Trainee: 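Let me give you the structure first, and then I'll get to my questions.
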Amino acid sequence: MIQKNIVTRFPPSPTGYLHIGGARTALFNWLFARQTGGKFILRIEDTDKARSTDEATRAIIDSMEWLGLDWDEGPYFQSERYDIYNAAIERLLSSGQAYHCHCSSEDLEKRRKSAMAKGAKPKYDGKCRELGLGPAPGSVVRLKTPHTGTTQFNDLIKGSIRFNNEELDDLILKRSDGSPTYHMAVVADDISLGITYIIRGDDHVNNTPRQIQIYQALGESVPQYAHVPLILGPDKARLSKRHGALSVLAYRDMGYLPHAMLNALARLGWSYGDQEKFTKEELIEKFSLENVGKSAGVFNMEKLQDLNAWYIRESADDILAKGLIPFLEKSGFKNLDKEKAKDAIATLKIRSKTLVDMAESARFYFEKEIIYDEKADNKFLKPDMLDLLLNLQARLEQTSIFDQEGLEKTFVAFLEANQIKLKKVAQPLRVALTGKTASPGIFEVMEVLGKEAVLERLGKAINHIRDKA
RNA sequence: GUCCCCAUCGUCUAGCCUGGUCCAGGACACUGGCCUUUCACGCCAGUAACGUGGGUUCAAAUCCCGCUGGGGACGCCA
């Protein structure tokens, strides 16, 4: 499998954000290139001027960068490469492999419809094929394709795929406005960039024989193809906007780690035995087109979430801090104490599914004033706890060692003296310190908060209980 | 409609090429239990699938054919 000079590419059209299907295609191309020591090229297919935007280009690049999919060349912009396409069209024209066609698009549309109505495949009828017409305003250039025989290729994922040439028609290479069509631009670009492996979505299978015919007409060697099955929505229909969050960047904003995303994307359609989790290095080492499945799959958000939770647990605190702080800032906590944030993260990481989640549960650490959850307040901050809490307050005031170990010792003594179980004070204290009934371990919370804040919050809770009585 | 592709638990998948070791394995989700200062984590257990009909064979999830179902493509979009 290790070959030199392997070149792959990812060619999104900047008509929208990068969605998870595109991201997976990019990932597979990237993995294949990295694994073989080849090159990975980014090319922006912006020949459709009406629909392409700079904003979309930006979003695609941001997404790639967030995922860590770096490219060796590019981004190339097709809109800047018309010379290459025009040269190819000229070559085809002068060798008689292409011809000028004067049929109008309205006319063609009519003929397509009537063919469909008759139950035939709507294809160009070849009206201008043998007319030997020259260029004219409004005319296009078409490829003169073979009518007989078959066009076949060996797909690296799906195996041998064969089309009867009579199914294919004379596709347009150059539009009436002079711009190249998608097929022409892709093939000319892939030739000029030396692409050897084309890994793309399943929806291009039908385009492949047409593109192969262009390679053949140009006398160029055809690259290897690998068509990756599409990603479907939960309703098994093709993924679309109505399925919700599709943009890669949306997952970033929901607090997913890029590596979790990468791992989830890789495992959608590809597998390596029973292994579920892969480092980037393992992905590069173990990926293979051979192990990409043939059938379309549904993107499983729950699995992504599980993966994300796992990677959060595994990540170092300072790395998580970098990711988390923007989310905390977004919810209004500016100029945070980074050390405290790191300590907070250490207590939160095993119980957070996403960074958004974590930022939410971290609030109490940074909040000036604890707001008690109503139910928690009613259940645990009751007058009959007053004596015990006062007793605890007194004892904590005497305590100088405020780390988990020291606190545990203090509590053991305190519990023994009062003949109670930890359970009895832990919940009221938790509510006093965090406002909620669920939080990290009580000693962890106390250590991160520090003696001063603990006593302050405990004091407030005591006053709050007194107000009730 | 025509062409192309696909078909294992709810979902992602292993197994299929090289039939027997598969009354089908893993993961997520779900259910129950254990652990426990709460919530989690962790651990243990459980529910759950070879679309269907035929053929080949001593033997089929695995090979062949039909059917059904799903997806994709049929643009001067990419």
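Remember, it's a predicted structure, so these values are computed and weren't measured experimentally. Proteins come first, then strands; the chains are lettered A, B, ... in the order of their sequence lines, and each starts at number 1.
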Trainee: Atom CG of A:L232 to atom P of B:rU13: distance rounded to whole Å?
Mentor: 11 Å
Trainee: If you look at every heavy atom in A:K424 and A:M385, which pair is closest and at what distance?
Mentor: O-CE, 3.6 Å
Trainee: With distance as the sole criterion, do the side chain of A:N206 and the base of B:rG72 form a donor-acceptor contact below 3.5 Å?
Mentor: yes
Trainee: So does A:K280 pair up with A:E282, basic N to acidic O under 4.0 Å?
Mentor: no
Trainee: For the side chain of A:D306, counting heavy atoms from C-beta on, which of B:rC76, B:rC4, B:rC28 is nearest?
Mentor: B:rC28
Trainee: Using 0.5 Å steps for rounding, measure from the NZ atom of A:K144 to the CD atom of A:Q213.
Mentor: 14.0 Å
Trainee: Nearest whole angstrom, please: distance from the C1' of B:rU36 to the CZ of A:R351.
Mentor: 12 Å
Trainee: Would you mind telling me which residue lines up with the more 5' stretch of RNA chain B, A:S160 or A:I350, judged by nearest nucleotide?
Mentor: A:S160
Trainee: Under 3.5 Å, is there any donor-acceptor pair linking the side chain of A:R267 to the base of B:rU13?
Mentor: no
Trainee: Let me know, please, whether A:P234 or A:I172 comes out on the 5' side of the other along RNA chain B by nearest nucleotide.
Mentor: A:P234
Trainee: Provide the Watson-Crick or G-U wobble partner of B:rC30, both distances under 3.5 Å; none if there is no partner.
Mentor: B:rG46
Trainee: If I take atom OH in residue A:Y124 and atom P in nucleotide B:rU2, what distance separates them, rounded to the nearest angstrom?
Mentor: 25 Å
Trainee: Identify which nucleotide among B:rA14, B:rC28, B:rG72 has an atom closest to any side-chain atom of A:N300, counting heavy atoms from C-beta outward.
Mentor: B:rC28
Trainee: To the nearest angstrom, how far is A:K423 atom NZ from B:rU36 atom P?
Mentor: 10 Å
Trainee: Please step through ring-ring contact (aromatic ring centres under 6.0 Å, His included) for the pair A:F278 and A:W270, ending with a clear verdict.
Mentor: CA-CA 12 Å; A:F278 299 83; A:W270 171 79; 5.1 Å; yes
Trainee: To the side chain of A:R313, which of B:rG42, B:rA27, B:rA40 is closest?
Mentor: B:rG42
Trainee: Ignoring the backbone of A:K158, work out which of B:rC77, B:rA40, B:rC5 is nearest its side chain.
Mentor: B:rC5
Trainee: Base, sugar-phosphate or nothing for A:T15? Non-hydrogen atoms, less than 4.0 Å.
Mentor: nothing
Trainee: When you measure from the side chain of A:F443, which nucleotide among B:rA40, B:rG72, B:rU37 comes out closest?
Mentor: B:rU37
Trainee: Separation of A:R175 atom CZ from B:rG75 atom P, in whole Å?
Mentor: 14 Å
Trainee: Compute both the distance and the angle, then confirm whether A:R200 meets the cation-pi test with A:Y225: under 6.0 Å from the six-membered ring centre, within 45 degrees of the axis.
Mentor: no
Trainee: Starting the side chain at C-beta, find the nucleotide from B:rC3, B:rU37, B:rA73 nearest to A:I442.
Mentor: B:rU37
Trainee: Would you indicate which nucleotide in B:rG71, B:rG26, B:rC4 comes nearest to any side-chain atom of A:K303?
Mentor: B:rG26
Trainee: Measure the distance from CD on A:Q275 to C1' on B:rC12 and round it to the nearest whole Å.
Mentor: 15 Å
Trainee: Among B:rA29, B:rC76, B:rU37, which nucleotide sits nearest the side chain of A:E302?
Mentor: B:rA29
Trainee: From B:rA78, B:rU38, B:rG26, pick the nucleotide closest to the side chain of A:R51?
Mentor: B:rA78
Trainee: Taking any heavy-atom pair under 4.0 Å as a contact, classify A:N164: base, sugar-phosphate, or nothing.
Mentor: nothing
Trainee: Quick check on B:rC77: is either OP1 or OP2 less than 4.0 Å from any side-chain nitrogen or oxygen of A:T47?
Mentor: no
Trainee: Is it possible for you to check whether A:R142 lies under 6.0 Å from the centre of the six-membered ring of A:Y124, through NZ or CZ, and within 45° of that ring's axis?
Mentor: yes
Trainee: Send over the distance from A:F299 CZ to B:rG10 C1', rounded to a whole Å.
Mentor: 17 Å
Trainee: Looking at the base of B:rC76, is there any donor atom on it, or on the side chain of A:S176, that sits under 3.5 Å from an acceptor on the other one?
Mentor: yes
Trainee: Could you work out which one of B:rG26, B:rA14, B:rC6 sits closest to the side chain of A:S271?
Mentor: B:rA14
Trainee: Grab the CD1-P distance between A:I231 and B:rG70 for me, whole Å please.
Mentor: 21 Å
